[in-house]
2 protein chains.
Amino acid sequence: MQHYSQQKRFLFAVDCIIFGYDGQELKLLVIKRSFEPFKGKWSLVGGFINDNESAESAAGRVLNDLTGLDGLYMEQLHCFTDPNRDSVERTISIAYFALIDIQKYNQQIDEDYHPAWFSINQLPELIFDHTAIVEMAKEKLRYKAALHPLLFELLPDKFTMPQLQSLYEAVYNMEFDKGNFNRKLLSTKLLDKLEDKDKLNSKKGAFYYTVNLKKYSAGFKTFLNFVPSQYINK
Amino acid sequence: MQHYSQQKRFLFAVDCIIFGYDGQELKLLVIKRSFEPFKGKWSLVGGFINDNESAESAAGRVLNDLTGLDGLYMEQLHCFTDPNRDSVERTISIAYFALIDIQKYNQQIDEDYHPAWFSINQLPELIFDHTAIVEMAKEKLRYKAALHPLLFELLPDKFTMPQLQSLYEAVYNMEFDKGNFNRKLLSTKLLDKLEDKDKLNSKKGAFYYTVNLKKYSAGFKTFLNFVPSQYINK
DNA sequence: ACAAAAGTGTTCAAAATACACCCATGT
DNA sequence: ACATGGGTGTATTTTGAACACTTTTGT
């Protein structure tokens, strides 16, 4: 009934939703499409999947091409299959979202792609269904980060509690009580307090923390409500 | 640089992880593969994606072919892309998990596929990477059902609280306190109490409930810990 | 009358929240 | 010395877990 040989074959691509945080806002990295059609239009970073390459490694390759970075936090978001989503030819796209430290990126910028960071709240028009893809990625990021400690991935190796709090505030567009925020994050035991302080952003200075990688990988599944439930239930 | 015409095209399939509940155990519906190679081996229900058909509609078609049912609860699980996952030819598979009322299914059984229900704890050997796919589906079901009211989909339109509790107990392999379970589920306001009772399973009889569909679709995002956190954190 | 399962109530502990207060330091 | 933001303490409320108790009904 279902013979392989009789079946239709389709193009297969990955698209990456790359999030960053500049200390103020949650940002998305997009590029100018380098080929026709829609050359010069804003687009997610993506590429076709090669023979003998899984989608994960294709996404890793695409991310590395653009940023020079390896081992980024990356997660499969969704597979987009609408037959008309790509107006050139039917292309099935697996979307991955990635979290990167925006500082590390800046040193390795690859200008061939004419990449640009946009605030997540003021995105330009994107080609195809990329706007909808980004929308889903934002939702998933918020969902996941409410339950699992993952926003660290957007910060430098060393960060302060006030920085981390600002990041959460940017992601959720709401304010957090600093006392409760501190306690909640420290209760995960995932953070190690360092001896030095960041003195740039305040007179008193705020202690730096790092993620304890051992505990992090073990405790990633911790199911903490990082975000007050009032937010999640609208 | 990336011209569509030079790219490789691939086979695309959907595979469905179909969960049911017989009152005792969580079950999985599998079929005997009807074509070579591996004809006669146990396999998830699946099929190739046709031209002009999204993966969602392909999965819906496959489910309907097997069960005769429409509008089942269905959700994209993950896209499996390992180049060697299908030993015949590289095939990308988009997995969907579906929840069905096992009673409704029984009336429409399609014997062409030689389908069979297996307890989720005693699965037979499955072809390709289907065992891993099912493993992921189980995990996701548990994850999601811990946060969202969705296991209703496995029960008949009318069900009792003790039935619902047994279902949760089967899914999580643990016992729940009936008092706390009742209160928690009723606090969602998603259930309407009916006037009649199920008198088969107890002398006193247990009231039937139905899902209030209006509130259900609105309140699906409710983020309740249906399952004690001790379970989730292992 | 009693067993069995449904359903309710009560207590205790843990958590989330709100908010007041103290601390360190550059100006 | 005082303004600023970092950090801690505490009272109150809400939620969760455990378990005892009452209800209904078939035998």
Side-chain angles (χ1 to χ4, degrees), chain A residues 23-24 145-147 149 155 158-170 172 174-189 191-210 219 222-233, chain B residues 23-24 145-147 149 155 158-170 172 174-189 191-210 219 222-233:
Chain A
Q24 306 294 321
L147 298 166
L155 292 175
K158 284 166 64 173
F159 52 85
T160 67
M161 282 307 210
Q163 272 181 279
L164 186 56
Q165 186 179 335
S166 303
L167 168 55
Y168 274 84
E169 292 179 339
Y172 292 100
M174 72 186 296
E175 301 202 334
F176 293 74
D177 178 273
K178 65 182 169 182
N180 299 333
F181 183 85
N182 270 22
R183 266 186 295 273
K184 195 174 268 191
L185 271 288
L186 291 177
S187 76
T188 64
K189 308 274 182 193
L191 300 182
D192 290 340
K193 191 175 187 170
L194 300 184
E195 306 208 332
D196 53 333
K197 283 183 165 185
D198 161 48
K199 310 273 294 181
L200 291 170
N201 298 298
S202 72
K203 293 165 185 168
K204 185 176 176 184
F207 282 104
Y208 281 114
Y209 288 82
T210 43
T222 12
F223 226 119
L224 266 182
N225 285 334
F226 288 106
V227 176
S229 52
Q230 87 206 38
Y231 173 83
I232 295 160
N233 298 329
Chain B
Q24 306 293 321
L147 297 167
L155 292 175
K158 284 166 62 172
F159 53 85
T160 67
M161 281 307 211
Q163 271 181 278
L164 187 57
Q165 187 179 336
S166 303
L167 168 55
Y168 274 82
E169 292 178 340
Y172 291 100
M174 72 186 296
E175 299 202 334
F176 293 74
D177 178 275
K178 65 182 168 182
N180 298 334
F181 183 86
N182 269 23
R183 268 187 294 271
K184 195 174 269 190
L185 270 289
L186 291 176
S187 75
T188 64
K189 308 274 184 193
L191 300 182
D192 290 339
K193 189 174 188 171
L194 301 184
E195 307 208 329
D196 53 334
K197 282 183 166 187
D198 161 46
K199 308 273 295 179
L200 291 170
N201 298 298
S202 73
K203 291 165 186 169
K204 186 178 178 184
F207 282 104
Y208 281 115
Y209 288 82
T210 43
T222 9
F223 227 119
L224 265 182
N225 284 335
F226 288 108
V227 174
S229 50
Q230 86 204 42
Y231 173 83
I232 295 162
N233 296 330

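Below, read A as the first sequence line, B as the second, and so on, with proteins coming before strands; counting in each chain starts at 1.
Note that CG of Asn182(A) and OH of Tyr209(A) are 6.5 Å apart. Values are rounded to the nearest 0.5 Å. Here Glu175(B) contributes atom CD and Asp177(B) contributes atom CG; the two are 10.5 Å apart, rounded to the nearest 0.5 Å. Rounding to the nearest 0.5 angstrom, the gap separating the CD atom in Glu195(A) from the NZ atom in Lys197(A) is 12.5 Å. For the atom pair Leu185(A) CG and Leu191(A) CG, the distance stands at 6.0 Å (nearest 0.5 Å).
A heavy-atom distance below 4.5 Å is not found between the side chains of Met161(A) and Phe207(A).
If you check distances only, the side chain of Lys204(B) does reach the base of dA6(C) with a donor-acceptor pair under 3.5 Å. Contact annotation: side chain of Lys184(A) to base of dA16(C), donor-acceptor pair absent below 3.5 Å. Put simply, the side chain of Asn180(A) and the base of dA18(C) share a donor and an acceptor less than 3.5 Å apart. Looking at Lys178(B), its side chain comes within 3.5 Å of the base of dG7(C) through a donor and an acceptor atom. No donor-acceptor contact under 3.5 Å links the side chain of Asn201(B) to the base of dA5(C). No N or O donor and acceptor, one from the side chain of Lys203(A) and one from the base of dG6(D), sit under 3.5 Å apart.
Here the P atom of nucleotide dA6(C) and the CZ atom of Phe159(B) are 15 Å apart, to the nearest Å. Note: CZ (Phe181(A)) to C1' (dG6(D)) measures 14 Å, nearest angstrom. In this structure, CZ of Arg183(B) is placed 16 Å from P of dA6(C), rounded to the nearest angstrom. Here dT25(D) presents its C1' atom at 17 Å from CG of Asp196(B), a figure rounded to the nearest Å. Between the C1' atom of dA6(C) and the OH atom of Tyr209(B) lies a distance of 10 Å, rounded to the nearest Å. Between the CG atom of Asp198(B) and the P atom of dA4(C) there is a distance of 18 Å, rounded to whole Å. Between Phe176(B) atom CZ and dG7(C) atom C1' there is a gap of 18 Å when expressed in whole angstrom units. When rounded to the nearest whole Å, the span between CE of Met161(B) and C1' of dG7(C) equals 11 Å.
Heavy atoms of Lys199(B) sit under 4.0 angstrom from primed sugar atoms or phosphate atoms, though from no base atom.
Two residues, Ser202(B) and Asn182(A), neighbour DNA chain D, and the one matched to the more 5' nucleotide by heavy-atom proximity is Asn182(A).
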